[in-house]
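This report concerns only the one structure given below.
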Amino acid sequence: MPEGHVIHRLAGEYDAAFAGSAVSVTSPQGRFADSAALLIGRSLVDTDAYGKHLFLNFDDDRAVHVHLGLYGKVAFGRSPAPEPVGLVRMRVEGNGSYADLRGPTACELMSQKQVAAVIDRLGPDPIRTDADPERAWVRLQTSRSSIGSLLMDQRTFAGVGNIYRAEVLFRARVNPYRESRAVRRKTFDGLWDDLVTLMRLGVRDGRIDTVRPEHEPEVMGRAPREDRHGGEVYVYRRDGQRCFVCGSLVRLEQMQGRTLYWCPRCQRR
DNA sequence: TAAGTATGTTAAG
DNA sequence: TTAACCTACTTAC
């Protein structure tokens with residue numbers, strides 16, 4: 001379930017379990033075996049999360065770069081680690097814990113120089129305290145894309161995915177098809193602040209909740225529900241259902257190969 | 001048992 | 001713009 005908040009959470013979990021410890025890194029599945037062998041005897045120094053990218057830093061100036069993609073997952077547990085279940089790309093063990101990584105798009109050993117190059121391609125990450133929203137603002141101003149498509153563009157906003165895109169636009173009542181250049185500064189500031197709020201909440205809670213107190217089920221007289229992704233939201237994957245705010249039917253459409261959800265009434269053009 | 005689906009990215013055309 | 005890829009789970013037959 002990987003938008004940026006999941007990656008920051010994972011960084012914290014890897015950190016808590018292994019930072020400062022000698023670890024054994026293996027690849028039961030085999031696809032990371034050659035790199036894992038190069039890490040024999042190394043300690044995991046600390047971790048970093050930038051957008052949807054996770055870095056496990058080792059004490060030899062190298063890092064394991066992990067990107068979960070659409071399906072990747074990590075399972076943590078206490079030692080002794082059981083026989084690997086399914087295809088475990090990378091298992092980290094040490095300090096009384098283990099962590100199994102399955103299904104990532106990327107799991108590769110790289111130098112800190114290569115790490116810097118990866119980070120260099122990313123826009124500001126609302127979860128990070130060192131993020132500079134001006135960089136995102138400049139891209140909005142100079143692009144001809146829609147705001148909906150730029151929110152998914154990792155060079156513009158790092159860590160934002162399909163759920164946060166849909167929800168933040170809904171909360172700001174912005175139509176996803178609006179040209180990014182036409183977005184006013186005040187609207188952008190509101191979107192950015194909301195991303196910061198929602199995504200940091202996501203890190204804290206491990207789920208995405210975006211429904212404001214005044215629209216909560218008990219206030220609106222509807223049954224509480226947990227969406228399939230684990231939280232409660234306004235529009236993401238609620239196509240064909242009634243908008244919590246105005247009662248219109250939530251819509252779905254493809255935007256550059258990804259499914260976009262929005263309320264045609266609350267988010268009028 | 002097979003097909004479909006998913007919070008993503010990249011490379012090919 | 002399309003297809004391919006990584007895996008596990010749900011739904012259809």
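All chains are named by letter (A, B, ...) in the order of the sequence lines, taking the proteins before the strands, and each is independently numbered beginning at 1.
Among residues two or more places apart in sequence or in another chain, the side-chain contact (heavy atoms from CB on, under 4.5 Å) test is passed with Arg144(A) by Glu179(A), Arg181(A). By the salt bridge (Lys or Arg N to Asp or Glu O under 4.0 Å) test, Arg78(A) pairs with no residue at all, sequence neighbours left out. With sequence neighbours left out, the salt bridge (Lys or Arg N to Asp or Glu O under 4.0 Å) criterion links Arg128(A) to Asp48(A), Asp130(A). Shown here are the side-chain contact (heavy atoms from CB on, under 4.5 Å) partners of Arg31(A), two or more places apart in sequence or in another chain: Gln29(A), Arg89(A). Contacts of Arg139(A) classified as side-chain contact (heavy atoms from CB on, under 4.5 Å), with partners at least two apart in sequence or in another chain: Asp153(A), Arg155(A), Thr156(A). When the side-chain contact (heavy atoms from CB on, under 4.5 Å) test is applied to Asn175(A), the partners found at least two apart in sequence or on another chain are Tyr177(A), Trp262(A), Arg269(A).
Rounded to an integer number of Å, the gap from Asp153(A) CG to dG8(B) P is 13 Å. As a whole-Å value, the separation of Asp205(A) CG from dT7(B) P is 21 Å. When the P atom of dT7(B) is taken as reference, atom CG of Asp239(A) falls 11 Å away, rounded to whole Å. Between the C1' atom of dT7(B) and the CD atom of Glu3(A) lies a distance of 4 Å, rounded to the nearest Å. In this structure, Leu260(A) atom CG and dA6(B) atom P are separated by 14 Å, rounded to whole Å. Across the protein-nucleic acid pair, Tyr236(A) atom OH and dA6(B) atom C1' stand 7 Å apart, rounded to whole Å. Atom CG of Leu151(A) and atom C1' of dG8(B) are 16 Å apart (whole Å). For the pair Gln254(A) CD and dG8(B) P, the computed distance is 13 Å after rounding to whole Å.
Applying the salt bridge (charged side-chain N to carboxylate O under 4.0 Å, His left out) rule to pairs touching residues 243-257 of chain A yields nothing, sequence neighbours excluded.
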Could you pull out all donor-acceptor pairs under 3.5 Å where a side-chain atom in residues 11-23 of chain A meets a protein atom, sequence neighbours excluded?
unit_1, atom_1, unit_2, atom_2, d
Asp15(A), OD1, Thr47(A), N, 3.1
Asp15(A), OD1, Thr47(A), OG1, 3.2
Ser21(A), OG, Phe18(A), O, 3.1

Restricting to nitrogen or oxygen on both sides, can you table the protein-nucleotides 7-9 of chain C pairs closer than 3.5 Å?
unit_1, atom_1, unit_2, atom_2, d
dT7(C), OP1, Gln29(A), NE2, 2.4
dA8(C), OP1, Arg102(A), NE, 3.3

Show me the protein contacts with nucleotides 9-13 of chain B, counting only N or O atoms at under 3.5 Å.
unit_1, atom_1, unit_2, atom_2, d
dT9(B), OP1, His67(A), NE2, 3.3
dT9(B), OP2, Lys52(A), NZ, 3.3

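The aromatic rings of Phe244(A) and Tyr234(A) sit tilted, their planes meeting at an angle between 30° and 60°.
Remark: the backbone N or O of Gln254(A) is not paired with any side-chain donor or acceptor of Thr259(A) at under 3.5 angstrom.
As rounded to the nearest Å, dT10(B) and dA8(C) have P atoms that lie 22 Å from one another. Rounded to the nearest Å, the gap between the C1' atom of dT1(B) and that of dC6(C) is 22 Å. Across dT9(B) and dC9(C), the matching P atoms stand 22 Å from one another, rounded to whole Å. Across dT1(C) and dT7(B), the matching C1' atoms stand 22 Å from one another, rounded to whole Å.
Within 6.0 Å of the CZ atom in Arg268(A), the count of heavy atoms belonging to other residues, nucleotides or ligands does not exceed 12.
Other residues sharing a hydrophobic cluster with Ile119(A) under the 4.5 Å side-chain heavy-atom criterion for ILVMFWY residues are Tyr50(A), Phe55(A), Met110(A), Val115(A), Val118(A), Leu122(A).
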Q. Which dot-bracket string describes DNA chain B (Watson-Crick N1-N3 plus N6-O4 or O6-N4, or G-U N1-O2 and O6-N3, all under 3.5 Å; [ ] crossing; | other strand)?
A. ||||||.|||||.
